[in-house]
Every structure is written in C-alpha cells, then in structure tokens.
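Starting from 1, each residue takes its place in the sequence as its number. Excluded from the calculations below are hydrogen atoms, water molecules and symmetry mates; all remaining heavy atoms, backbone and side chain alike, are included.
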Amino acid sequence: MKSFLDKYIIALIPLLVFFIFSSQVEAQSIAFKALLSTLYDADFPVLKPSQVSDLSNFQVLDTREKDEFEVSHLKNAMWVGYDTFTLKNVASLDESKPVLVYCTVGARSQDIGKKLKEAGYTEVYNLYGGLIEWVNEGKPIFQGDFPTKKVHTYSKSWGIWLNKGEKVY
C-alpha cells in the first residue's frame, strides 16, 4: 500500500518534468536572444515572426546559399544568395514596396538588407532570429512548393538553437 507521500510524489512527477523541460526551453530562448543581440545593429529594423501575419505583404528574399535554400525556405521567397549576391539579383523588385530579408539567424540577411537600403530600397526589414526562429514559432517552411520540416541550420553549432523541425547541415 502506497503512503500519502508516495502518492504525492508520483502526482508531482509530471509537473516536475514539465517545469524542467520548460525551464530549459526558456533558458535556450534567453541565450538565443542574447546571441542575436550581438549580431544585429540596433538601428536596422527587424520584424519578429509573430509580427509577420502575411508574407504576401512583402517581397521576401532568402539571403542564404543555394544549397540551404533548396532544403527549405519561406513561402514564395526569392533566392538572392549571400556570397554571390549582386544588385542584379534583385533588379525585378519594386524599390518602394516592403522587403523582408532572412537567413539562418539574421546576420547575413542584415548585411544584404543594408546593401538594399544603400541602393535605394526604402522599407527593408530583417527577420528576427531568421529561419530558426520562424520554425521555432511554428510557422511553415517549404521545399519548392511543398511544406517541409527540414531546416538547413548552416552548421551543427547553429543547429542547437532549432527546437522544432528536422536539422540539416
């Protein structure tokens, strides 16, 4: 026969597991935010995934390398690259319409965003946390025209920040 204390402890186990798990996720989120604060310039505008309710309001540019883009990307994103980026890659864009740039975490996309601003694009935003934060917030990604769970995280060391999806390096 189980004592009252045994029953109490058994009843608390799910709560303790939840607390430990949620604390780790929250700690990772705090660490990820701290990391991002070292990568971003304070004066370059960012949009968090939760602030983007409709991607069709933006000209969406993927600033990662082609092999990363082919694994997955935001819906209807245009691949423009990073190492291979030139303004010719974006010649078809409307300079007066909002542009959303993104990469894995937001560092490369901020660089490309600055080039766009210098070239006369008036409204350019960097996706806060990049594709990793987008997926962590449960937003959809695509391989071609089809939904996927695969996320190219650039490297294993960057992959530690991905909480959802399937990591690809």
For this session: Return the set of residues passing ring pair (Phe, Tyr, Trp, His ring centres under 6.0 Å) with Y40 (not counting sequence neighbours), or none when no residue passes.
Result: Y128
Exercise. Is there any salt bridge (charged side-chain N to carboxylate O under 4.0 Å, His left out) pair reaching into residues 147-169, and which pairs are they, with sequence neighbours excluded?
Worked result: none
Exercise. By side chain to side chain contact (heavy atoms under 4.5 Å, CB included), which residues pair with N89, not counting sequence neighbours?
Worked result: V80, F85, T86
Exercise. For G81, does its backbone N or O pair with a side-chain atom of T84 as donor and acceptor, under 3.5 Å?
Worked result: no
Less than 3.5 Å apart, which donor and acceptor atoms pair up between the side chains of residues 114-122 and the rest of the protein, not counting sequence neighbours?
unit_1	atom_1	unit_2	atom_2	d
K114	NZ	D41	OD2	2.2
Y121	OH	V90	O	3.1
T122	OG1	E95	O	3.4

Exercise. In the hydrophobic clustering that connects Ile, Leu, Val, Met, Phe, Trp and Tyr at side-chain heavy-atom distances below 4.5 Å, which members other than Y169 occupy its cluster, ordered by chain and number?
Worked result: none
Seminar exercise, completed: Residues passing the side chain to side chain donor-acceptor pair (under 3.5 Å) test with Y154, sequence neighbours excluded, are none
Exercise. With distance as the sole test, does E123 use its side chain to make a donor-acceptor pair with the main-chain N or O of S96 at under 3.5 Å?
Worked result: no
Problem set entry | N/O donor-acceptor pair under 3.5 Å between N136 side chain and L162 backbone | no
Problem set entry | V151 vs I141 side-chain heavy atoms within contact, under 4.5 Å | yes
Exercise. Looking at CG of L74 and CZ of F58, how far apart are the two atoms once the value is rounded to the nearest 0.5 Å?
Worked result: 11.0 Å
Problem set entry | Heavy-atom side-chain proximity of L61 to V99 below 4.5 angstrom | yes
Seminar exercise, completed: Hits for side chain to side chain contact (heavy atoms under 4.5 Å, CB included) against S37, two or more places apart or cross-chain, chain-then-number order -> none
Exercise. To the nearest 0.5 Å, what is the distance between CG (D54) and CG (N57)?
Worked result: 4.5 Å
Seminar exercise, completed: Sorted by chain and residue number, the side chain to side chain contact (heavy atoms under 4.5 Å, CB included) partners of S155 (sequence neighbours excluded) come out as S157, W158
Problem set entry | Contacts of H152 that satisfy ring pair (Phe, Tyr, Trp, His ring centres under 6.0 Å) - sequence neighbours left out | none
Problem set entry | Pairwise salt bridge (charged side-chain N to carboxylate O under 4.0 Å, His left out) hits with a residue in residues 60-78, at least two apart | D62-R64, E68-R108
Exercise. When you look at T104 and I132, which way does the side-chain contact (heavy atoms from CB on, under 4.5 Å) test go after all the steps?
Worked result: CA-CA 6 Å; T104 304; I132 287 178; 3.7 Å; yes
For this session: Report the distance from atom CG of L55 to atom CG of L100, rounding to the nearest 0.5 Å.
Result: 7.0 Å
Seminar exercise, completed: dist S56:OG -> N76:CG (nearest 0.5 Å) comes out at 8.5 Å
Exercise. Can you name the closest pair of heavy atoms from Y125 and F44 and give their distance?
Worked result: C-CE2, 4.3 Å
Exercise. Out of curiosity, does V60 fall in the hydrophobic cluster containing L131 (side-chain heavy atoms, cut-off under 4.5 Å, transitive links)?
Worked result: yes
Exercise. Using a distance-only test with no angle check, is there a side-chain donor-acceptor pair under 3.5 angstrom linking Y102 and N126?
Worked result: no
Exercise. What residues, two or more places apart in sequence or in another chain, satisfy salt bridge (Lys or Arg N to Asp or Glu O under 4.0 Å) together with E133?
Worked result: none
Exercise. Same cluster for V46 and W161 if Ile/Leu/Val/Met/Phe/Trp/Tyr side chains link at under 4.5 Å?
Worked result: yes
Exercise. Between OG of S109 and CG of L127, what distance do you get to the nearest 0.5 Å?
Worked result: 7.5 Å
Exercise. Taking only residues two or more places apart in sequence or in another chain, which ones pass side chain to side chain contact (heavy atoms under 4.5 Å, CB included) with Q143?
Worked result: T148
For this session: Flag yes if more than 12 heavy atoms outside D94 fall under 6.0 Å of its CG atom; otherwise flag no.
Result: yes
Exercise. Taking a hydrophobic cluster as the set of Ile, Leu, Val, Met, Phe, Trp and Tyr residues connected by side-chain heavy atoms closer than 4.5 Å, whether directly or through intermediates, do V124 and Y82 fall within one such cluster?
Worked result: yes
